[in-house]
Number of protein chains: 2
Amino acid sequence: MTRKFTKEALYEVTNDLLIQHGYAGLHFGLIAERLEITRGALYKYFKNKDELIIDLMIYEMDKFLQDLKVIRQYKHFNQQLEYLLDIIFKYSRIHQNLSIVYQIPTTKHVNEKVKQLEIRHHDMYAYLNAFIELGREEKRIHTEFPDHLILGFIFQTVNIPNQTNLPEKQWKTLIMNFLSQGMQADL
Amino acid sequence: MTRKFTKEALYEVTNDLLIQHGYAGLHFGLIAERLEITRGALYKYFKNKDELIIDLMIYEMDKFLQDLKVIRQYKHFNQQLEYLLDIIFKYSRIHQNLSIVYQIPTTKHVNEKVKQLEIRHHDMYAYLNAFIELGREEKRIHTEFPDHLILGFIFQTVNIPNQTNLPEKQWKTLIMNFLSQGMQADL
DNA sequence: ACCTAAAGTTACACTTGTGTTACTTTATAA
DNA sequence: TTATAAAGTAACACAAGTGTAACTTTAGGT
């Protein structure tokens, strides 16, 4: 019998439903309905929703990391920042959903997979720290700011709603300028 | 019979549980357990969790607005910004939880209360728009940035985790500096 | 053609949360 | 002192999600 849904479609749907309903509000019934299959089919592939969610995060993190490692090809900090913003926006859903991992009860035999996710998280920080270090070397980052504050500001930008629906390119330019110079008017 | 819990304690617990478990994960059993009462007691005051959540949001918004209106007493934009950051941090939980209102099904006869909440949201923007306008008049805001981008950056700051546990005052100063001048080093 | 194994469905027992009602407790005011 | 009403509890029927196992479907190899 041929499969009625692809892994990509499943992850797509799950990501959307996670954003809409949150961790506790997501359940196999919802996912099955969207994929036009029945709940039971999902249990052929995943023990429970926690396993599905972690698999999804690992999958998206792997794709993100593949893109992120390319950042080293850019020589200058500002180029790297622009590229980082590009891929953060490209993978905005995973960055909106990553924090829900902490809502998964640790008593659900997914600990092994959570560890795998943490490895990727750790790998991500290796790239990000190198990125920040370059910025400091190029004297583009004020010394008073700790790394995690800079990264916090950058990653939170995906949660700022583009209310006036500016074209994505223009929106990113504004974000980039704000991050570099703040709200201040020209000097 | 004397009450076993105050409104303040109930809202305190509900706010915490909302942050921990999200909208779908919150239920009367959890709240009752924390307050050391039984579920049934809560139904004496609220038809369901949606009503409780909206009442909570209205209550917190009212307190926030009372503080926010004082912003007009500060003459200069930078003073207003500092004050705004103070109260956003003071009411950080409500700003972390406000967005979950959109997860409440609109078919649960809480529409009247949702409207009341929207009124307060609207009032809030009246103050915020005046604040931004002052910033533009004082030429502290670059003209290229739309209002909602500035406000988005300001309100997202509550979600940046203070990982190194810097003292609150120092953290706020850094946030303030970043918002004003961006990450850039001294000019 | 037909066998088989992967894919999917259906039905069932179980668990957890909901909302209501009848009941119990207790401070207080007549 | 005792009546009462507000506060809280306990128990019930119901609704919704979970996980499993027996069953059905069907593409593809022989």
Side-chain angles (χ1 to χ4, degrees), chain A residues 1-56 100-101 103-114, chain B residues 1-56 100-101 103-114:
Chain A
M1 204 174 169
T2 43
R3 279 190 64 156
K4 294 176 82 174
F5 63 95
T6 64
K7 189 165 73 170
E8 285 70 25
L10 168 63
Y11 285 162
E12 179 77 21
V13 161
T14 305
N15 245 329
D16 277 1
L17 291 174
L18 263 183
I19 287 172
Q20 267 183 58
H21 302 279
Y23 167 72
L26 180 75
H27 53 88
F28 275 11
L30 270 180
I31 299 172
E33 190 186 31
R34 284 278 187 103
L35 292 172
E36 295 181 289
I37 55 171
T38 54
R39 227 166 32 86
L42 292 169
Y43 283 97
K44 288 278 152 76
Y45 304 96
F46 305 94
K47 274 205 282 286
N48 51 48
K49 76 169 176 181
D50 301 284
E51 192 177 67
L52 164 57
I53 290 171
I54 306 241
D55 280 4
L56 160 66
I100 72 104
V101 172
Q103 292 186 37
I104 298 177
T106 49
T107 55
K108 280 208 169 174
H109 23 76
V110 285
N111 299 26
E112 185 48 48
K113 291 196 168 179
V114 171
Chain B
M1 203 173 170
T2 44
R3 279 190 63 154
K4 294 176 81 174
F5 64 96
T6 63
K7 189 165 75 168
E8 285 70 25
L10 167 63
Y11 285 163
E12 180 77 21
V13 161
T14 305
N15 244 330
D16 278 1
L17 291 174
L18 263 183
I19 287 173
Q20 267 184 57
H21 301 279
Y23 167 73
L26 179 75
H27 52 88
F28 275 11
L30 270 180
I31 298 171
E33 190 185 30
R34 285 279 188 100
L35 292 172
E36 294 181 288
I37 54 171
T38 53
R39 227 164 33 84
L42 292 169
Y43 283 98
K44 288 277 152 77
Y45 304 96
F46 304 95
K47 274 205 281 287
N48 50 50
K49 77 169 175 180
D50 301 282
E51 193 177 67
L52 164 59
I53 290 171
I54 306 243
D55 280 3
L56 160 67
I100 70 103
V101 172
Q103 291 186 38
I104 299 177
T106 48
T107 55
K108 281 209 169 175
H109 25 76
V110 284
N111 299 27
E112 184 48 47
K113 292 195 167 179
V114 171

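Note on naming: letters A, B, ... go to the chains in the order of the sequence lines (proteins, then strands), and numbering restarts at 1 for each one. Remember, predicted model here, so these are calculated numbers, not experimental data.
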What is the distance from [atom1] of [X] to [atom2] of [N], rounded to the nearest Å?
| X | N | atom1 | atom2 | value |
| --- | --- | --- | --- | --- |
| A:E51 | D:dT18 | CD | C1' | 15 Å |
| B:L52 | C:dT18 | CG | P | 11 Å |
| A:L10 | C:dA7 | CG | P | 14 Å |
| B:R39 | D:dC12 | CZ | P | 14 Å |
| A:E33 | C:dT9 | CD | C1' | 16 Å |
| B:K44 | D:dA10 | NZ | C1' | 11 Å |
| B:L42 | C:dG19 | CG | C1' | 12 Å |
| B:M1 | D:dA7 | CE | P | 10 Å |

Q: Tell me whether the OP1 or OP2 atom of D:dA21 has a side-chain N or O from A:Y43 closer than 4.0 Å.
A: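 False: A:Y43 side-chain N/O out of range (4.0 Å or more) of D:dA21 OP1/OP2.
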
Q.
Any side-chain N or O of A:K4 below 4.0 angstrom from OP1/OP2 of C:dT9?
A. yes

(Q) Under a 3.5 Å threshold, yes or no: a donor from one side chain and an acceptor from the other, between A:D55 and A:Y11? (A)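 A:Y11 and A:D55 do not have a side-chain donor-acceptor pair below 3.5 Å.
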
Q) Counting any heavy atom closer than 4.0 Å, what does B:F46 reach on the DNA or RNA strands: base, sugar-phosphate only, or nothing? A)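 Answer is nothing: B:F46 stays at 4.0 Å or more from every strand.
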
(Q) Under 4.0 Å, counting only non-hydrogen atoms across every strand here, what does B:T38 touch: a base, just sugar-phosphate, or nothing? (A)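 Since a base atom lies under 4.0 Å of B:T38, the category is base.
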
(Q) Between B:I104 and B:V114, is the side-chain contact (heavy atoms from CB on, under 4.5 Å) condition met? List the steps. (A) CA-CA 10 Å; B:I104 299 177; B:V114 171; 5.8 Å; no

(Q) I want to confirm an ordering. Mapping B:F5 and A:F28 to their closest nucleotides on DNA chain D, which one lands closer to the 5' end? (A)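 So the residue in question is B:F5.
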
Q. Taking all non-hydrogen atoms of both residues, which atom of A:L17 and which atom of A:L26 are closest, and how far apart?
A.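 Looking at all heavy atoms of both residues, the closest pair is CB-CD1, 3.4 Å.
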
**Q.** Distance-minimising heavy-atom pair for B:F28 and B:R39
**A.**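 Looks like CB-CG, 3.6 Å.
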
Q: Measure from the side-chain heavy atoms of A:R3 and tell me the nearest of C:dA7, D:dG17, D:dA7.
A: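 Nearest listed nucleotide: C:dA7.
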
